[in-house]
Structures are given as structure tokens and as C-alpha cells.
Amino acid sequence: MFRPALPLLLAAAAVPGLCAQKPLHLAPVVDPHSYGNPQDIRVTHIGLDLTVDFAKKELRGTALLTVKHEKPDTTNLVLDTHGLVIERIQAANGKLLSTATFKLGPEDKILGAPLEIEIPKDATSVQITYRTQPGAGGLQWLDPSMTAGKKDPYLFSQSESIYGRTWIPMQDSPAVRVTYTAIIHTPKNLRAVMSAEQDLTNRRTGTYFFKMDKAIPTYLIALAVGDISFQPLGKRAGVWSEPSMLPKAAWELADTEKMIEAAEKLYGPYRWGRYDILVLPPSFPYGGMENPRLTFATPTILAGDRSLVSLVAHELAHSWSGNLVTNATWGDVWLNEGFTTYVERRIVEALYGRANEEMQAVLGRQTLDGLIKDLPADQTILRPDLKGQDPDNSLSEIPYEKGAIFMRLLEQTFGRKRFDAFLRGYMNHFAFHSITTEDFEAYLKAHLFPLNEKAAAKIPLDAWLYQPGLPSDVPNPHSDLFDKVDAARTAWLKEGDIAALPYAKWSTQERLRFLLALPDTLTLDQMKALDDAFHITEKGNAEVEDVWLLLAIQHGYAPADARMRAYMIEIGRRKLIVPLYQALAKTPEGKAKALDIYKAARPGYHPIAQATVDGVLGVKF
Ligand code: BES
Ligand code: ZN
């Protein structure tokens, strides 16, 4: 069990950067989404001591930041905040605490407000006494009714991309890496968990200690508090959730240990010690979030048949692409998400076979083609300029799918053996660093391209990284299983023989393929025939349901109305609900329905999901 040897406050100042390897000399980065000045004074460690107050929906306490003077004479430390109430700031050098003067600048809607602190030249740490506000964008405070147990409240954080600053004053940039420790005080009957080393017993004390001694980007600091218990899955892996969900979660996630082994074969050793998964309440706005040592996941992955566990492969792959080697700015996010989507599919292939990988890759290609058709050209660039934009609102699946298919192209061009060796070399070389697309480009040209100069010359690298759309020579994944699905769909559309349709026997991916390519011209009788035969309008696999509900909206299939309402009220995962609101908003009747559902659903959504749906429906609160 982890117990801090020293009072954490003292230990905090003593923990060095702890990168085992010598630092690389990378060009300084300007992050357009941070006010921080790490080039002058850099925050290297954060020691949190926070009380979780459910009645006030507030975190309050102190953040003790260890700082390093990069420019010896600078005395102005600049941090990011967003909606924080700053009560007092003290500077210290070892022991002496002196009050520091500070200024909170004007608040920008996207970036929040800079916090400028005047500190002595020899100060080594700064202690900030502060509290959060109930509307903090990076926190969701759930009433007991929104949990599985219905008895206790729940709190969770979601810091990526720039919401960490809504609950911790810090230099909130993926280019700033910190170690951290935390003491979290909660109501006695609840448990706190974080993306760090922690006690794995189910003892509830109301005071919990955490330590992350590897330098991570600030968006990976994560906290959840509730009626949360632990169950081991294997040597290195385990699952946390509300007690009533633990058995189901443990069954669904049983392959986790094998996934870690498959990922290690590709990427090199797993460097974080444990890999645990926290299954959250359904309002979690994402499918998964790769918080180190503790992936946060939507309960919608618990499909009952392990059909959605590629999400775990994805979050696990981020333990390398993302957490070990991190995008230096949000414009470089494809380095996190594109690499990870590619490796997610390699893990799927290793565990579940090539045919499964092919289905995922084909679905990905289909998504990509759709995006390229629908999005304005400048939003299809792999490395966009996001200055002035909200990195979350501008995030599409482009960095995921265009990035992944670019990786696939490199694999095909240089061969799997060489490409895998390249990936391992890249992970080792840049481990514990935050890098830009240019850093990647230089490494690629130095370490992969020379292995086959002729093939390299055919890759339009500039077009891939910096131009819209898709270059002409794009890999075209193929799935024989999908050919069969397509043939079955065509036959059914032509002959109407529902008994001949093997839908019930299909996997989730085959069902998605079938539903996604149904024509716009489907009749209500055809919708009903599918539904009667296969009971698709029922609580089931959340991703299949989502596509079915979209079809229902598109075709005005009323029998799905009640289920649609329940689905949109229960689930807060942005990727699933936003397309439904968008589809409804296309007609006046649909929009009225959407507003009615949203009235009931909004209080249960995460602030990030609320902001997105507010935008879709053009409503202000
Ligand atoms: N890191 C992302 C989630 C994220 C990205 C949050 C950008 C905030 C800003 C995570 O790894 C992710 O990609 N989740 C996906 C699931 C995945 C299987 C594609 C999701 O939530 O849908
Ligand atoms: Zn991801």
C-alpha cells in the first residue's frame, strides 16, 4: 500500500523532475492555449491538499507548486486559471513563507484568466490557497440520482484539453510536465481515486494520499470521488467502479492484462507500473480518457459481450502515444490520437485477429471519408493552427482517422518489421517529452525514411501533415466479412426476406456496417421489419443503438421515440448524443423534440457536453 513517508507538503518540494533519461534539446514551444511562462519560470511539481465539499460543489485547499527559474532574473510567474477563486499566495525557498502579490487578469471565455505572481528570485515554491466554483468546466458534481447506487454523490474531473485550470492553478499546457502528490479529504464513507499511485484496498478513511513521480503533462491530472471500490483483474490491472457494477465491469474488461502484453510487444515496456480502469457513471462525456495508471471510461463500454473493449486498447495505447510522448500543443493532437488509433487496431489484431482489425480499419476509413466530404477544407488538416479556437470544440475525428491511416501508409511502405522498430525507437527517444509535429517530422526523416529512400520519396509528407483532404495514395483497408454484410443488405433490400438476414448472428462491427450503409430511402415498413425481427429499439449496445436512433430520426420512425428520449437522458457521452441532437435539429418538429428532451437531459450532462449541445440547439443558459 502507498503511504507517504514524509508529510506530503515537505516531500513535494523535494521530488525532482524524475525523468530517468537525459533531457532532449527540443525547440521551445509556444502554446496558444496557455498563459503560462515556463520559458521564464517553470512549474515542475504540484502538491495538492484539497477538500471535496459536495454541499457547496467546491474543491478548496492549497496547491504547492515547485518552480524552476529558467531565466535567473525573472520574478513574474504566470499560471492559467479558469473560474478559480484565489484567496492567498505565499512564496517559499525551503522554509520561509512570504506573502506574494498577485494579479488575476481578465477572463477569456476559452482560455480563462492569467494569474501573475510576483515571487523572489530565489523562491523555490509557491503555495496558492484557492477554491473552485460550482460551474467549473473540468468537474462534474453528480447528485446521488445520477449514480448506479442512488445513495451517494459523485465527483469526477476531465482535464483534457484545457480544463485542468478550472480546478488547479498551474501552467496548463501539454508542453509543461509535472510530477504531483495529493492529499484529498472526502466524506468518510466515500473513496477518492487519482491518476497516480494509491492505496488499492477498499478501506474508506476520508483522507487519501496520491503520488505520481513521473513527469506528466498537466491535462493528465485526474480525480474521482464517490462510492467507488476496487477489484483486481490480474497482476498489473484492475477495475474501479461503484460496487454494484464491479462484477459486470470485471467480466467485460478481463482481457486487459493481455492487451498490456500486446502493447508492450509493439511499443516497448509499460512504464507506469499499474494499469487500472475506472468505470464512471453514464454522464461521463467521453468514451475513455487515458489518465495515467487509471483510465477513465464510460459505462457504455459494458455491452455484456466484450464487443466494445477496443476502447480499452485505445486508452491503453495512450500510455505510450500521449502519456509518454505527448503533443506539445493541441494543434499537434494527431500525435496523440492518430498514433493511438493505429496502435489500438494493432492490439485488436493481436488479441482478436486480423479480420476484426480489418473491420475497425474499414469503419475508420468510412468515418474519414465522411469527414473529408462534410468538413470545410481547413478543418481536415492533420496539423491545424488552432490559435483563437477552443481546442475541444474544434476537435473532430480527423486527427484520429487521418493520423491512423497515415501510420498505416508508413507501415505498408516500409514493412511491418521496420515500422514497428521505428515506433519503439520513437517512444524511447522522446519518452517523457512533449513534442511538435516538426519534431516528429525530423525524427521520421532521420530514422525511417533512410531505410528505403525510394519509397520515402513517394510519400507526400507535406501534404499529409499540412494540407487539407487526402493525398491520392491512401491505404484502402478491406474486410471480407463486410463484403458479406453488404451482400446480405443488398439481398434484403431487393427481396425483403428478413428471415434470410443473419443480423442476429453478427458482431457489433458487422451490425454497425449493416446499419450505416442503409439507404436514405428506407420505408417505415422496412424499419419496422428490422425492429420486429431483431429488437433494435431496446436498451442494448450503445454504439449500435446510436446508429439505429439516427436512422429512426432520419426516417421519422416513431416507435423509437421513447427509447431515444431515455437514451439521451441517461447517456452523456458527447460522441453519441451530439449527432442525435444535430439530426433532430434539421427539421422544426425534430428541433422541438430535441429541446423537450434536452430540458430533461441537460441537468445531468457534463459542462462540456452542455456547452456543445447548447451550441447545436442555439440555446443559452
Ligand atoms: N484523449 C481522448 C479523449 C479526449 C480527446 C478528451 C480530446 C478531450 C479532448 C481519448 O483517448 C479518446 O480518444 N476517447 C474516445 C474513445 C476512443 C476509443 C476513440 C472517445 O471518448 O470517444
Ligand atoms: Zn484517444
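We count residues from 1, following the sequence as given. First listed ligand is number 1; within each ligand, the first listed atom is number 1.
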* Looking at the rings of Tyr219 and Trp330, which for Trp means the six-membered one, are their centres under 6.0 Å apart? -> yes
* Is a salt bridge present between Arg354 and Glu358, judged by a nitrogen-to-oxygen distance below 4.0 Å? -> yes
* Pick out which of Arg563, Lys539, Arg573 makes a salt bridge (charged side-chain N to carboxylate O under 4.0 Å, His left out) with Glu545. => Arg563
* Which protein residues have a heavy atom under 4.0 Å from ligand 1? -> Gln158, Glu160, Ser161, Tyr286, Gly287, Gly288, Met289, Glu290, Leu311, His314, Glu315, His318, Glu337, Asp392, Leu395, Tyr400, Arg573, Lys575
* Decide side chain to side chain contact (heavy atoms under 4.5 Å, CB included) for Trp334 and Asn327; before the verdict, give the C-alpha distance in whole Å, the side-chain angles of both, and the deciding distance to 0.1 Å. => CA-CA 8 Å; Trp334 80 274; Asn327 50 222; over 6 Å; no
* Asked: Would Arg345 and Glu357 pass as an ion pair if we require N to O under 4.0 Å?
  -> no
* Thinking salt bridges, do Glu397 and Arg365 make one under a 4.0 Å N-O criterion? -> no
* **the Zn ion (ligand 2) reached by Glu337 (N, O or S, under 2.8 Å)** => yes
* Measure up the Phe339 and Phe440 rings against each other and bin them: parallel (under 30°), tilted (30 to 60°), perpendicular (over 60°). => perpendicular
* Structure fact -> The angle formed at the Zn ion (ligand 2) by NE2 of His318 and NE2 of His314 is about (to 10 degrees) 100°
